[in-house]
Amino acid sequence: MDKLINDFSFGLFFWQILLFVGLLLLLRKFAWKPILEAVNNREEGIKNALESAEEARKEMQNLQADNERILNEARAERDGMLKEARQLKENMITDAKSEAQAEADKIVAQAQATIESEKKAAIADLKSQVAGLSVEIAEKVVRKELADKDKQLELVESMLGDVTLN
Amino acid sequence: MHRNLGTEILRVMQNRTVVKVLLIFTLAFATSNLFAKESKKEGNEGEGDLKTEIKEFIDHHLQDSHDFTLFSDKEANTHYGLPLPVILWDNGLKVFSSSRFHHGETVAEVDGNYYKLYHSKIYKTDASGTINYDEEHHATNTKPLDFSITKNVVSILLIGLLMFFMFSRLAKSYKKNNGIPTGVGRFLEPLVLFVRDEIAIPNIGEKNYKRYMSFLLTVFFFIWLLNLLGMTPLAVNVTGNIAVTFALALITFLITNLTANKNYWGHIFWMPGVPTFMKVVLAPIELLGVFIKPFSLMIRLYANMTAGHVVIMSIIGMMFLFKSWIGSPLSFGLSFALSILELLVAALQAYIFTMLSALYFGMATEEAHH
């Protein structure tokens with residue numbers, strides 16, 4: 001201890017304090033602050049870059065998932081549309097078929113009705129013509145028959161005979 | 001973290017390096033005592049003179065010096081090196097070159113006053129340079145206030161300039177190269193980050209570490225580079241000088257106590273969570289701890305570096321004593337191995353000083369948690 005105190009040099013202590021504090025202040029201004037700032041900035045930069053890369057990766061994943069989803073949706077939509085179209089086609093065909101059937105039926109029915117009425121008209125016409133012809137024939141027959149008196153009486157008698165038979 | 005004197009002492013004890021260096025220190029003392037005894041025994045023989053010479057040489061090298069002697073030729077009595085300016089405060093400022101002392105051989109006359117260099121210290125003497133002694137062979141002459149630019153001051157200046165040059169260049173290289181260091185900065189940046197990530201943040205915490213970074217970085221590189229400079233053949237012993245370690249520890253002490261929060265003082269004067277009687281007992285112990293912490297920093301660095309210099313120079317000195325084909329290469333190998341160990345110690349001591357400073361700052365700014 002005695003040696004330590006004896007060795008102690010106040011001058012050296014003074015210079016050490018002065019130079020060290022001076023060095024400390026100078027280095028703080030010109031070295032430590034810029035160095036630590038630069039290192040900090042770089043580390044921040046690296047951290048940010050890593051984070052943004054991670055974010056980009058996630059975004060990419062999201063995008064891919066989105067794409068996948070959209071693709072699936074589109075596929076489903078297409079399938080739906082195709083199905084719908086097929087349905088529509090079938091419906092249309094069925095509809096057309098049934099409509100055509102109905103139309104045909106209608107036409108047939110109309111035709112049948114026309115035929116029926118034509119037939120009726122023809123029959124009626126035929127009937128009236130037959131009736132006319134019959135009357136004419138009858139007239140002619142009657143006229144010829146009635147040309148002689150006996151014949152007229154005979155007729156009347158047969159007619160009457162018929163009536164009574166009836 | 002519960003802190004008191006006991007844990008502090010335990011930490012010092014656990015610090016294996018300190019124990020190891022203390023061992024070496026003890027060994028060195030033992031051998032030096034042995035040398036001393038032997039030199040007394042064979043005082044008149046040449047070998048004894050050599051031992052004394054080696055001892056004096058080591059003593060001289062451990063001390064600060066007023067001139068930068070690179071080597072000297074004892075027989076021709078010439079010294080090769082640089083004289084340094086001497087600055088004295090003795091009823092006015094006196095500045096002159098240390099060459100006027102002629103390495104303590106002559107008296108320097110400045111403005112009618114006479115000064116003499118004696119055992120690396122400047123004393124005021126009469127014209128013939130008489131040094132008066134007391135019973136214990138201590139000089140009793142008055143010592144003027146000595147602000148000389150000594151060898152250690154020059155080393156501090158050199159290291160300061162080197163640090164400023166290195167780290168301002170590193171700072172500039174960031175600007176030039178878009179945030180990536182170039183050249184020597186690639187070596188320096190991991191060291192700066194080491195201080196930040198391994199010393200400052202774990203001991204002080206994310207919240208407060210930034211305000212201490214300047215000091216921690218400066219003190220780490222300052223001690224490390226000065227330790228390394230001491231390993232060069234220049235053999236300056238700056239970090240093994242008590243005035244330097246005292247100044248460094250004082251700055252740690254001031255920063256710790258000036259930035260301390262309420263919680264820190266609370267733990268010193270009124271320890272929470274213990275009975276009132278214990279609070280009264282603990283307060284003086286804790287208060288003592290406030291001073292012992294930086295004191296241990298001062299002694300640890302001083303002792304480690306001084307011990308390292310003593311051991312290495314002693315073993316180098318042994319080469320000249322053995323003068324045999326077995327002993328000398330052996331001590332050469334030993335000193336080589338120890339030099340490598342000292343390189344490690346140089347970094348380790350810088351680390352320990354910085355780490356413990358950071359630990360004390362951490363204690364001073366720790367928030368209360370109950």
Side-chain angles (χ1 to χ4, degrees), chain A residues 1-70, chain B residues 62-64 87-89 119-122 138 145-150 152-153 156-157 159-161 163-164 166-175 178-181 185 188-189 192-193 196 210 213-219 221-222 238 241-248 250-251 298-299 302:
Chain A
M1 201 65 207
D2 200 33
K3 188 179 178 315
L4 286 188
I5 293 166
N6 202 37
D7 275 354
F8 187 86
S9 155
F10 181 75
L12 183 59
F13 170 74
F14 166 80
W15 284 114
Q16 164 65 12
I17 289 272
L18 193 77
L19 292 173
F20 186 82
V21 171
L23 181 67
L24 178 70
L25 295 177
L26 273 176
L27 281 177
R28 184 164 75 174
K29 185 160 189 308
F30 293 106
W32 304 136
K33 271 199 175 163
I35 288 172
L36 291 173
E37 250 166 48
V39 169
N40 244 7
N41 287 345
R42 200 180 57 200
E43 281 171 355
E44 286 285 307
I46 290 170
K47 219 173 95 187
N48 287 346
L50 282 176
E51 267 170 15
S52 58
E54 179 68 16
E55 223 156 83
R57 203 176 61 83
K58 271 187 189 160
E59 218 156 277
M60 198 70 167
Q61 262 178 348
N62 282 350
L63 267 177
Q64 262 173 349
D66 268 9
N67 281 351
E68 193 73 13
R69 194 173 51 78
I70 288 168
Chain B
L62 290 179
Q63 300 246 321
D64 200 0
I87 302 165
L88 296 179
W89 182 264
H119 281 289
S120 305
K121 288 208 178 330
I122 294 171
H138 289 148
L145 269 178
D146 183 2
F147 292 105
S148 302
I149 307 295
T150 57
N152 283 356
V153 178
I156 292 167
L157 264 169
I159 289 299
L161 283 174
M163 277 174 72
F164 185 74
M166 288 194 310
F167 290 106
S168 59
R169 269 183 66 112
L170 174 61
K172 270 184 205 139
S173 80
Y174 283 112
K175 275 185 202 141
N178 204 14
I180 295 156
L188 293 174
E189 194 201 86
V192 174
L193 291 183
R196 191 192 66 173
K210 277 191 178 131
M213 276 310 284
S214 298
F215 173 73
L216 293 175
L217 284 166
T218 314
V219 88
F221 288 107
F222 185 80
V238 185
N241 188 298
I242 198 73
V244 172
T245 58
F246 175 69
L248 290 172
L250 182 72
I251 295 171
M298 170 179 90
I299 296 295
Y302 165 79

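Source: prediction; values computed, not measured. Reminder, nothing fancy here: chain letters follow the sequence lines and each chain counts from 1.
Proximity to chain A is limited to the side chain of B/Arg196, based on heavy atoms less than 4.5 angstrom apart. Interface remark: A/Arg42 contributes side-chain atoms only to the contact with chain B (heavy atom separation under 4.5 Å). With a 4.5 Å cut-off on non-hydrogen atoms, B/Ser168 touches chain A through its backbone and its side chain both. Proximity to chain A is absent for every atom of B/Leu62, based on heavy atoms less than 4.5 angstrom apart. Only the side chain of B/Ile87 has a heavy atom closer than 4.5 Å to any heavy atom of chain A. For chain A, the nearby part of B/Leu250 is the side chain; its heavy atoms alone come within less than 4.5 Å. Heavy atoms of B/Asp146 lying under 4.5 Å from chain A belong exclusively to its backbone. Only the side chain of A/Leu19 has a heavy atom closer than 4.5 Å to any heavy atom of chain B. With a 4.5 Å cut-off on non-hydrogen atoms, B/Phe215 touches chain A through its backbone and its side chain both. Neither the backbone nor the side chain of B/Val238 comes within less than 4.5 Å of any heavy atom in chain A. Interface remark: B/Met166 contributes no atoms to any contact with chain A (heavy atom separation under 4.5 Å). Both the backbone and the side chain of B/Val244 come within contact range of chain A, with heavy atoms under 4.5 Å apart. In this structure, chain B has no heavy atom under 4.5 Å from any part of A/Leu25. In this structure, chain A has no heavy atom under 4.5 Å from any part of B/Lys172. Proximity to chain A involves both the backbone and the side chain of B/Leu217, based on heavy atoms less than 4.5 angstrom apart.
Note that the CG atom of A/Leu12 and the CD1 atom of B/Ile156 stand 5.5 Å from one another [nearest 0.5 Å]. In this structure, CZ on A/Phe30 lies 15.0 Å from CG on B/Leu170, to the nearest 0.5 angstrom.
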Practice task
For the pair B/Glu189 and A/Ile35, evaluate side-chain contact (heavy atoms from CB on, under 4.5 Å) and give the outcome as yes or no after the intermediate values.
Solution key: CA-CA 8 Å; B/Glu189 194 201 86; A/Ile35 288 172; 5.6 Å; no
Problem - Stepwise side-chain contact (heavy atoms from CB on, under 4.5 Å) check, A/Phe14 with B/Leu145 - result: CA-CA 11 Å; A/Phe14 166 80; B/Leu145 269 178; over 6 Å; no
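Scanning all heavy atoms of the two residues, the minimum distance from A/Pro34 to B/Ala171 falls at CB-CB, 3.8 Å. Nearest approach of B/Phe167 to A/Leu27, heavy atoms of both residues: CB-CD2, 4.1 Å. Closest of all the heavy-atom pairs between A/Phe8 and B/Lys121 is O-NZ, 4.4 Å.
Using the six-membered ring where Trp is involved, A/Trp32 and B/Phe221 have ring planes that are parallel, under 30° apart on the 30 and 60° scheme.
Taking chain A as the reference chain and counting heavy-atom pairs below 4.5 Å, the highest number among B/Leu161, B/Val192, B/Thr150, B/Val219 is found for B/Val219.
For A/Trp15 (side chain) and B/Ile149 (main-chain N/O), no donor-acceptor pair under 3.5 Å exists by modelled atom type.
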